[in-house]
Structure formats: structure tokens, C-alpha cells
Amino acid sequence: KVDFTQNQPSKEIQKDTQNVTFTCKAEGNPRPSKLTLKKEDTVLKEYPDSDSSTDSSVIIEDYLISFSYSLPPLALENNGSFMCIGENVNGGLKTDNETIEIVVISKVKVTVSSDQNFPDIGSDFTITCTAIGGRRPHSLQLMYESTDLSTTCNDEGSFSRKCTYSATAEYSNGGSYTCVGKNKVEVLVEVQD
């Protein structure tokens with residue numbers, strides 16, 4: 001039987017900059033022969049391995065193997081499924097596993113940029129507004145004064161959205177362009193003059 005817990009903090013949805021410690025434990029008779037912690041297809045920690053004898057987090061008892069694993073301060077790449085897998089050879093290979101899903105919520109970060117900050121009258125220019133967050137921002141707007149220019153917005157990967165606006169430079173489109181990204185954590189605004 002496998003028991004998989006998340007010690008610190010206890011919620012599955014985390015804020016960035018927090019540390020998370022997992023405890024992966026397998027029990028059986030005979031004692032499980034292998035214990036593995038994976039994130040998707042990547043092995044993070046395994047018993048037995050070359051460091052098992054010096055790892056103070058490994059606990060070995062008559063019918064139990066257990067170890068802890070800590071993630072550094074969370075970042076977007078820590079999103080995903082973490083699985084504890086115990087294996088035993090007792091009349092054939094037997095496995096059991098449990099999974100914990102980690103969703104990292106980071107603050108929204110927005111950028112606004114132009115391919116030309118000082119376009120010549122009659123030349124084409126493009127303004128790009130990008131928002132990145134631990135959850136893909138649910139709203140993104142590219143504004144010019146009080147006009148919403150967010151007609152071409154697309155999701156970009158799991159954590160970002162992007163809006164672009166292209167035009168031919170005229171005197172009337174000089175000024176400030178504002179990018180507003182929102183998710184359930186915060187709203188962030190950046191202005192490009």
C-alpha cells in the first residue's frame with residue numbers, strides 16, 4: 001500500500017515562492033523492494049539508489065520504506081502530477097501508487113512592446129501585449145486611450161496570453177498603449193508610451 005502526502009503547505013494549489021515537501025511511503029509484507037517519486041515521466045527520487053545509504057530522509061522498517069522530497073521555491077515549471085509508486089515482488093511484481101496534482105499560482109506579469117517605438121508616418125507597426133501567470137490570465141486587454149484594441153488575442157502555452165495590434169502609423173495613433181492582464185490573483189498594468 002502506498003501513502004503519498006504533501007506536508008508543507010497542505011493545499012494542492014500553491015503560490016509561487018512557497019516550498020513543498022512530499023512524503024512518499026510504501027508498506028507491505030514483505031517490505032516493498034522499490035519506492036519511486038516521479039513528476040510525469042521524470043524520476044525525482046528513488047529507493048534503492050546510489051545515495052540511499054546517506055539520505056537521512058529514507059526510513060526503512062520491517063514492512064515500510066519512506067522518504068521525503070522537497071521542491072525549491074515553486075515556479076511555473078512545478079505545475080503537474082507528482083506520483084509515489086511502491087513496488088513489491090511477492091509471487092510476481094505488484095505495484096501501487098498515489099498522485100498529487102500541483103498547480104502553481106504566480107502573479108500576473110505583463111509586457112507591452114512595439115516593433116517600432118518611433119514609426120515613420122505611413123509605415124506599418126505592431127504593438128504586442130503579453131500576460132504570463134501561474135494560471136493563464138483569463139483576461140487580457142491592449143488599450144489605446146479608451147479604445148480596446150484586443151481583437152487578436154491568443155493563448156500561448158499553458159500560462160500565457162498574447163494580443164497584437166498592427167496599423168499604419170498616423171499622427172492619430174501616437175501616444176500611450178496599455179496592457180492589462182487579469183487572473184484570479186491580481187491585476188497588473190503596463191503602459192508603453
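Keep in mind that what you see is a predicted model, and the values were worked out from it rather than measured. We're numbering straight along the sequence, starting at 1.
Tyr63 and Val58 sit in two unconnected hydrophobic clusters of ILVMFWY residues. Membership requires side-chain heavy atoms under 4.5 Å apart, directly or through other members.
From Leu142, atom CG reaches atom OG1 of Thr178 across 8.0 Å, with rounding to the nearest 0.5 Å. In this structure, OG1 in Thr42 is found 11.0 Å from CG in Leu37, a value given to the nearest 0.5 Å. Here the CE atom belonging to Met143 is positioned 7.5 Å from the CG atom belonging to Leu149, to the nearest 0.5 angstrom. Expressed to the nearest 0.5 Å, how far CG of Leu35 lies from CD1 of Ile59 amounts to 11.0 Å. The distance from the OG1 atom of Thr36 to the CZ atom of Phe67 is 6.5 Å, given to the nearest 0.5 Å. The CG atom of Asn88 sits 10.0 Å away from atom CZ of Arg31, with the distance rounded to the nearest 0.5 Å.
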Verdict with reasoning, Val20 to Phe82, per side-chain contact (heavy atoms from CB on, under 4.5 Å) | CA-CA 12 Å; Val20 172; Phe82 292 80; over 6 Å; no

Go through the steps to decide whether Ser166 and Asp124 satisfy the test side-chain contact (heavy atoms from CB on, under 4.5 Å), and finish with yes or no.
-> CA-CA 7 Å; Ser166 296; Asp124 293 335; over 6 Å; no

Test side-chain contact (heavy atoms from CB on, under 4.5 Å) applied to Cys129 and Val110, step by step = CA-CA 7 Å; Cys129 170; Val110 297; 5.7 Å; no

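The side-chain heavy atoms of Cys179 and Thr130, taken from C-beta on, include no pair separated by under 4.5 Å. Under the 4.5 Å side-chain criterion, counting only non-hydrogen atoms from C-beta, Ile127 is in contact with Val112.
Using modelled atom types, no side-chain atom of Glu87 and backbone atom of Ser33 make a donor-acceptor pair closer than 3.5 Å. Side-chain N or O atoms of Tyr144 include one that pairs as donor or acceptor with a backbone N or O of Gly174 at under 3.5 Å.
With sequence neighbours excluded, the residues satisfying side chain to side chain donor-acceptor pair (under 3.5 Å) with Ser172 are Glu170. Partners of Ser57 by side chain to side chain donor-acceptor pair (under 3.5 Å), not counting sequence neighbours, listed by chain and number: Lys45, Asp55. In this view, Asn173 satisfies the side chain to side chain donor-acceptor pair (under 3.5 Å) rule with no residue, not counting sequence neighbours.
Taken as a pair, Cys163 and Cys153 meet the criterion of an SG-SG distance shorter than 2.5 angstrom.
Across every non-hydrogen atom of Ser160 and Glu156, the tightest pair is OG-O, 2.6 Å. Heavy-atom minimum distance, Leu64 versus Glu27: CD1-CG, 3.6 Å. In this structure, Cys84 and Lys25 approach most closely via the heavy-atom pair SG-N, 3.8 Å. Residue Gly86 comes nearest to Ala26 through the heavy atom pair CA-CB, 4.0 Å, listed as atom of the first residue, atom of the second, then distance. The minimum heavy-atom distance between Thr21 and Ser70, with the atom names listed, is OG1-OG, 2.9 Å.
Environment of NZ in Lys39: crowded, with over 12 heavy atoms of neighbouring residues, nucleotides or ligands closer than 6.0 Å.
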